[in-house]
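Notes for the one structure printed next.
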Amino acid sequence: MFGAWVIWAGLDQANHGLDSQDVGYQIVSEHRAAVHSQISVDPGTTARCAVQVLDKSFTIVGWKVITLPKSADRTRNVTTDVNTTTRGVTGLIHDCWVP
């Protein structure tokens with residue numbers, strides 16, 4: 001059991017302090033939304049995030065993967081323009097990872 005914990009704890013440390021927070025969104029038009037988020041990752045680390053826009057039925061109508069290049073700053077405010085197939089009603093970060 002201890003060995004499993006050591007492996008789990010070691011893998012958990014590989015997240016590079018990655019954290020994302022939804023800040024807001026703006027439905028710009030019938031086929032475009034802007035998603036505002038705050039993403040934190042250890043300085044000098046590249047990160048990628050999947051941003052999605054949902055309609056009133058919670059169906060994904062827009063999706064975009066963004067890359068945050070290495071930076072000296074830990075936390076960055078990011079606005080992502082996402083094209084949509086139909087009018088969205090909300091936008092958010094789906095997931096972030098270190099490639």
Side-chain angles (χ1 to χ4, degrees):
M1 185 67 168
F2 177 74
W5 178 84
V6 169
I7 292 171
W8 175 81
L11 291 174
D12 191 46
Q13 296 303 314
N15 71 359
H16 300 279
L18 184 58
D19 186 40
S20 64
Q21 182 175 356
D22 298 317
V23 176
Y25 64 90
Q26 178 184 7
I27 304 304
V28 178
S29 70
E30 193 72 20
H31 295 286
R32 199 167 122 236
V35 179
H36 310 291
S37 51
Q38 188 175 68
I39 302 168
S40 300
V41 65
D42 290 343
T45 303
T46 299
R48 289 196 177 137
C49 294
V51 182
Q52 64 184 13
V53 177
L54 308 175
D55 69 7
K56 62 184 177 182
S57 300
F58 301 105
T59 302
I60 297 170
V61 295
W63 179 275
K64 186 174 190 178
V65 175
I66 61 169
T67 300
L68 282 78
K70 295 177 182 179
S71 173
D73 298 324
R74 172 163 169 63
T75 301
R76 291 178 263 178
N77 292 314
V78 178
T79 296
T80 306
D81 290 322
V82 181
N83 293 327
T84 62
T85 56
T86 60
R87 187 173 189 81
V89 297
T90 189
L92 60 139
I93 294 285
H94 172 71
D95 194 17
C96 290
W97 63 94
V98 173

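In this text, all values refer to a predicted model and were calculated from it rather than measured experimentally.
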Are [X] and [Y] grouped together when hydrophobic residues (ILVMFWY) are joined by side-chain heavy atoms under 4.5 angstrom apart?
X   : Y   : answer
V65 : L54 : yes
L92 : W97 : yes
Y25 : I66 : no

Point-to-point distance, once rounded to the nearest 0.5 Å, from [atom1] of [X] to [atom2] of [Y]:
X   : Y   : atom1 : atom2 : value
R76 : S37 : CZ    : OG    : 11.0 Å
T80 : Q52 : OG1   : CD    : 12.5 Å
I39 : D22 : CD1   : CG    : 9.5 Å
I93 : S20 : CD1   : OG    : 5.5 Å
R74 : D19 : CZ    : CG    : 7.0 Å
L18 : D42 : CG    : CG    : 8.5 Å

Does V41 reach the side chain of L68, with side-chain heavy atoms less than 4.5 Å apart?
no
Could you tell me if the side chain of T75 sits less than 4.5 Å from the side chain of Q38, heavy atoms only?
yes
Any sub-3.5 Å donor-acceptor pair from [X]'s side-chain atoms to [Y]'s backbone N or O?
X   : Y   : result
K64 : N83 : no
S71 : D73 : yes
H31 : T84 : yes

For the residue pair V61 and G88, what are the closest heavy atoms and their distance?
CG2-CA, 4.1 Å
Distance-minimising heavy-atom pair for T79 and A34
CG2-CB, 4.2 Å
Worked verdict on V89 versus I27 for side chain to side chain contact (heavy atoms under 4.5 Å, CB included):
CA-CA 7 Å; V89 297; I27 304 304; 5.7 Å; no
